[in-house]
Amino acid sequence: MAHTPAPVERTNLLGLSPAQLEGFCARLGAQPFRARQLMNWLYKRGCSDIEQMTDLAKDFRAKLADRAEVRLPQIITAQRSADGCCKWLLRADASQAYEMVYIPEADRGTLCISSQVGCALDCSFCATAQQGFNRNLTTAEIVGQVWLANRELGFHPAGDRIVTNVVLMGMGEPLANFRNVVPAMRIMLDDLGFDLSRRRVTLSTSGLVPQIYKLAEVINVALAVSLHAPDDALRNELVPINRRHPISELLEACWHYIDEQNGRSVTFEYVMLDGINDSPAQARAVARLLAGHPAKVNLIPFNPFPGTIYQRSPEAVIGRFRDELLRGGVMTTVRRTRGEDIDAACGQLVGSVKDRVIVRLGGKMRSAMQVHP
Ligand code: SAH
């Protein structure tokens, strides 16, 4: 019988660290500096076609094309909102999808990316939570979102940056996918990668305390934390991970992160839910928690989605809450809602998660949230 070799899966060059790329080049018999050239083609020039990487020796290019490829996330749909925001639905596999959103502003372009397909954290006011959790995105899929947004928005190596800021505020809990998120953020910061300033890459977490300590050891990026309530009783309801890691422990971890990383401050996100967490007394309680610490508050008007029991606080209530915080000595801003007409606003990203691994906080969440050093 004729022997047919098993098809070999090509290595995806996207998402490999410089050291991993060097190792890969070495296995193909190439010099380590080839890895730098590859990084340059991939991230600085936005090239995904090995054939076009013309300063690589022809025989090396042939070997590369044989063993490697640049595998990008596939776009299922693209939408543009009236205010210029763009939202893409990306394929995770036959039935699963995740989303990313681009938010253009006068002085910057922010890309909001996903870290997981769905989410296991079950925050009561978040549309993604209703979908349950399917799987972690790979490093290539996380980095691939930045790569793809640049291409779709017309990136040119000689032109201005299009994506100037990246926020991990799309679908998923980034610290529950520590193993893939940290290498992806390293590529965003690497001067051979997307070369973004560490102040312009923001990780937002619902408050996985052990992983915040771990993060402080390995990378320096801007940290945002979803606070949403001034006391444990209410936060247990809104952000159930609080039952495991209460507010006092969470804040300790935040101050530790800032000390370790010599950062400026933690941004505390606070979703404004009508009649739930938006009273002046609650604002004063938040101020008591945060005043005197390296903290800022960003108030997020609640974005409704089908089936939610919550409503957005009226504008005047949000204004008063902000004023109480300012009076209490806490720097506070209100997030402008963008992309609402295409369901691209905070907490509205749902992708499409058909096969849920888990829906509620439970045993399996531990495996979804493992930290791998
Ligand atoms: N899992 C991360 C990233 C979530 S999205 C985290 O929890 O921080 C970024 C922010 O949007 C979080 O603060 C999240 O709590 C908030 N958010 C979620 N649903 C929302 C909604 N429906 N309206 C407004 N903000 C929402």
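Note that ligands are numbered from 1 as they come in the structure, with each ligand's atoms numbered from 1 the same way. Source: prediction; values computed, not measured.
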J.: Is Glu141 salt-bridged to Arg135, cutoff N-O under 4.0 Å?
T.: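 Yes, this pair counts.
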J.: With side chains defined as the heavy atoms from C-beta onward, is the minimum distance between Tyr98 and Leu89 less than 4.5 Å?
T.: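 Side-chain contact under 4.5 Å: no.
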J.: Does an N or O anywhere in Gly172 fall below 3.5 Å from an N or O of ligand 1?
T.: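 Yes, there is a polar N/O contact under 3.5 Å.
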J.: Could you list which atoms of ligand 1 come closer than 4.0 Å to a heavy atom of Asn303?
T.: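 Answer for ligand 1: 21 (C), 22 (N), 23 (N), 24 (C).
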J.: For Glu340 and Thr337, which I'm curious about, is there any donor-acceptor pair between the side chains at under 3.5 Å?
T.: no
J.: Suppose we call two aromatic rings close when their centres sit under 6.0 Å apart. Are Phe268 and His228 close by that rule?
T.: no
J.: Quick one: does ligand 1 sit under 4.0 Å from the side chain of Val239, the backbone, both or neither, non-hydrogen atoms only?
T.: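 Under 4.0 Å from ligand 1, Val239 contributes no heavy atoms.
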J.: Tell me whether ligand 1 is touched by His228 - counting only heavy atoms on the residue side and a distance under 4.0 Å.
T.: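 Contact check His228 vs ligand 1: positive.
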J.: Can you check whether Arg335 has an N/O within less than 3.5 Å of an N/O in ligand 1?
T.: no
J.: May I ask you to check whether Tyr257 and Tyr213 place their ring centers less than 6.0 Å from one another?
T.: no
J.: Just heavy atoms, cut-off under 4.0 Å: does Glu269 contact ligand 1 by side chain, backbone, both, or neither?
T.: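 Near ligand 1, Glu269 shows its side chain, while the N, CA, C and O stay back.
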J.: Ligand 1 and Phe125, any nitrogen or oxygen pair closer than 3.5 angstrom?
T.: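 In this structure, Phe125 places an N or O atom under 3.5 Å from an N or O of ligand 1.
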J.: Considering only heavy atoms, does Val271 approach ligand 1 within less than 4.0 Å through its side chain, its backbone, both, or neither?
T.: side chain
J.: Would you check if there is a donor-acceptor pair between the side chains of Thr110 and Asn165 at a distance under 3.5 Å?
T.: no
